[in-house]
Number of protein chains: 2
Amino acid sequence: MTRTVQYRELAHVIKQSIDDGQFRLTGKLPTEDNLMKLYGVTRYCVRNAVAVLQESGDVYPVQGSGMFVRENKREGCLSLGQTRGLSAEFPGKTVQSTVLSLELEPVGDALASRLKCKASDMAYNVQRLRLVDGLPLALERSTYLKRFIPYLSEEIAQGSIWEYLRNDLGLNTGFADKVLYADRLSSAEAEALGLNAGDPCLVVEDDVYLANGEMFDASRVVYHYERAKFFTLADLK
Amino acid sequence: MTRTVQYRELAHVIKQSIDDGQFRLTGKLPTEDNLMKLYGVTRYCVRNAVAVLQESGDVYPVQGSGMFVRENKREGCLSLGQTRGLSAEFPGKTVQSTVLSLELEPVGDALASRLKCKASDMAYNVQRLRLVDGLPLALERSTYLKRFIPYLSEEIAQGSIWEYLRNDLGLNTGFADKVLYADRLSSAEAEALGLNAGDPCLVVEDDVYLANGEMFDASRVVYHYERAKFFTLADLK
DNA sequence: TAGTGGTCTAGACCACAAA
DNA sequence: TTGTGGTCTAGACCACTAT
């Protein structure tokens with residue numbers, strides 16, 4: 001008998017079935033009763049597994065009727081709700097990063113309050129131009145507290161910092177606060193993105209936290225307004 | 001003994017306590033055990049109540065340590081995750097709407113596929129300028145299927161359509177798909193918002209669904225880029 | 001080692017939808 | 001009326017944190 005978490009695994013299996021189109025005929029999942037029998041688990045596990053899929057927007061419930069399959073992404077749009085790094089957003093495409101600068105320096109007064117740390121705390125400041133299939137998509141400036149990210153190099157920054165943090169450093173990421181707004185491009189930003197100063201842009205500012213609630217990253221990303229659209233789900237309950 | 005849903009009520013009570021600052025000293029909720037004893041409910045109810053607060057971003061869990069209180073809104077920002085109408089976003093301020101047009105007409109080919117209905121289906125098309133404390137914040141064009149919204153008037157549209165749908169029509173709203181991007185203002189849009197043609201703007205396109213999964217509203221809102229910022233939470237698990 | 005949240009079992013009854 | 005998801009009880013043991 002396996003003694004691992006059952007419901008996450010079950011959620012994954014069901015998600016696979018959805019992607020395989022196994023429920024396309026009815027548009028909904030098997031009943032909880034059937035899922036219990038199919039996978040030999042209790043109702044608790046089934047409901048937990050389905051709850052995972054609800055949160056990710058893969059299904060929605062209709063009491064008395066069933067769990068219906070739902071699209072949780074949009075063609076050509078970046079996902080806002082579940083950030084897993086830009087690389088994960090473009091499965092078929094080439095995601096590259098040009099590292100414009102990478103420095104280890106004190107956080108400074110301006111960011112210290114935002115990062116809830118001392119101004120003298122050390123941090124990696126990274127500036128990258130993110131390219132998708134060779135075209136500039138976004139200009140990113142990110143500050144990682146050294147306390148949590150002990151090492152960062154230009155070579156790593158050229159790839160996916162996100163995957164490095166999770167897979168190599170084993171960082172237990174938790175959640176992020178995001179602020180979005182439209183603005184005008186500065187001349188420096190415009191040049192990097194291949195646009196003109198004053199052109200529109202979409203700005204996303206992230207405060208990123210570990211699972212234990214400690215903030216480790218503050219970032220500001222300026223997106224090319226013609227190439228970046230975002231998709232997200234909202235609950236209206 | 002009340003036979004109503006306990007956990008929603010409990011969630012509400014806990015939320016009140018949070019807002020009252022009762023957990024400010026420790027920064028976290030009482031333990032599950034204590035909540036059980038405090039409110040005389042089982043652990044199931046406690047965990048469900050806390051799960052509600054987790055989803056809304058009011059708390060986050062740290063296994064072995066506690067449920068910590070978290071900010072789920074940002075000063076001067078609109079909430080993206082839980083739309084309850086613009087009026088609900090500005091508790092202290094005056095939210096007005098100038099109705100630019102309101103017509104009952106067939107959906108037409110362009111919107112029919114998006115609304116998953118026939119082109120001949122009737123719908124209310126509403127255009128409104130949303131003002132906060134007298135200043136133009138956004139220009140909204142929304143299409144409501146008559147099948148679900150049998151009546152709509154200019155008087156209603158001057159107030160909160162959202163509250164009308166929920167409180168008066170008793171509509172059981174479910175969820176919304178949102179697409180966000182930056183763009184340039186057309187001359188008509190610019191004039192309404194008090195800006196210049198070609199200026200940046202933030203566009204939000206919504207597909208809004210009932211709890212049973214039927215889509216009843218398609219909208220496009222163009223926001224004043226200097227006055228509208230959005231705040232949202234992301235899960236990184 | 002004690003405290004705290006996470007997972008799981010095996011039931012029961014309620015609320016809503018569809019036939 | 002039957003099927004299906006929603007709420008609830010009363011336990012048990014596991015995993016992680018803090019001391």
Side-chain angles (χ1 to χ4, degrees), chain A residues 1-12 14 23 26-55 58-70 170-175 210-214 235 237, chain B residues 1-12 14 23 26-55 58-70 170-175 210-214 235 237:
Chain A
M1 193 66 181
T2 53
R3 263 298 111 231
T4 58
V5 176
Q6 296 179 59
Y7 77 88
R8 286 180 208 279
E9 198 178 336
L10 178 52
H12 187 254
I14 298 174
F23 312 129
T26 58
K28 54 184 186 179
L29 304 189
T31 65
E32 295 183 345
D33 225 26
N34 283 331
L35 287 172
M36 288 167 66
K37 288 165 187 159
L38 272 170
Y39 298 102
V41 294
T42 63
R43 199 171 168 213
Y44 175 91
C45 295
V46 168
R47 285 183 63 78
N48 271 234
V50 171
V52 169
L53 301 177
Q54 269 187 73
E55 251 175 287
D58 288 298
V59 300
Y60 64 87
V62 179
Q63 186 174 4
S65 185
M67 299 287 328
F68 292 82
V69 176
R70 169 188 180 195
L171 234 54
N172 198 357
T173 54
F175 49 89
L210 297 175
N212 67 7
E214 292 181 295
D235 249 330
K237 285 171 215 155
Chain B
M1 192 65 181
T2 53
R3 263 299 111 234
T4 58
V5 175
Q6 296 179 60
Y7 76 89
R8 285 180 209 278
E9 198 178 335
L10 178 53
H12 187 254
I14 297 174
F23 312 129
T26 56
K28 55 184 187 180
L29 303 189
T31 64
E32 294 183 346
D33 224 27
N34 282 332
L35 288 172
M36 288 168 66
K37 288 165 187 161
L38 271 170
Y39 298 103
V41 295
T42 62
R43 200 171 169 213
Y44 174 91
C45 296
V46 168
R47 286 185 62 78
N48 270 235
V50 171
V52 170
L53 300 178
Q54 267 187 74
E55 250 176 287
D58 288 297
V59 300
Y60 63 88
V62 179
Q63 186 173 2
S65 184
M67 299 286 328
F68 292 81
V69 175
R70 168 188 182 196
L171 233 55
N172 198 357
T173 53
F175 49 89
L210 298 175
N212 67 7
E214 293 181 295
D235 251 330
K237 285 171 215 156

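Please read these numbers as outputs of a predicted model, since none were measured by experiment.
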Identify, between A:S65 and B:R8, the residue whose nearest nucleotide on DNA chain D lies closer to the 5' end. A:S65

Here's one to test your reading of the geometry: is the NZ or CZ of B:R70 within 45 degrees of the ring axis of A:F175 and under 6.0 Å from its centre? yes

Listed nucleotide nearest any side-chain atom of [X], set [options]:
{"X": "A:Q6", "options": "C:dT9, C:dG5, D:dT9", "result": "C:dT9"}
{"X": "A:Y7", "options": "C:dT7, D:dG6, D:dT4", "result": "C:dT7"}
{"X": "A:E32", "options": "D:dC8, D:dG6, C:dC8", "result": "D:dG6"}

Can you tell me how far [atom2] of [N] sits from [atom1] of [X], to the nearest Å?
{"X": "A:N212", "N": "D:dA18", "atom1": "CG", "atom2": "C1'", "value": "13 Å"}
{"X": "A:R43", "N": "D:dT7", "atom1": "CZ", "atom2": "P", "value": "10 Å"}
{"X": "A:M67", "N": "C:dA17", "atom1": "CE", "atom2": "C1'", "value": "15 Å"}
{"X": "B:Q63", "N": "D:dC13", "atom1": "CD", "atom2": "C1'", "value": "13 Å"}
{"X": "A:E214", "N": "D:dT17", "atom1": "CD", "atom2": "P", "value": "11 Å"}
{"X": "B:M36", "N": "D:dT9", "atom1": "CE", "atom2": "C1'", "value": "10 Å"}
{"X": "B:Y60", "N": "C:dG5", "atom1": "OH", "atom2": "P", "value": "13 Å"}
{"X": "A:K28", "N": "D:dG3", "atom1": "NZ", "atom2": "P", "value": "13 Å"}

Does B:N48 use its side chain to pair, donor to acceptor, with the backbone of B:Y44 at less than 3.5 Å? yes

Residue met sooner reading DNA chain C from 5', once A:N48 and B:N172 are mapped to nucleotides: A:N48

Minimum heavy-atom distance B:G66-B:K28, with the two atoms named: CA-CD, 4.3 Å

Smallest separation among heavy atoms of A:Y7 and A:A49, with atom names: O-CB, 3.4 Å

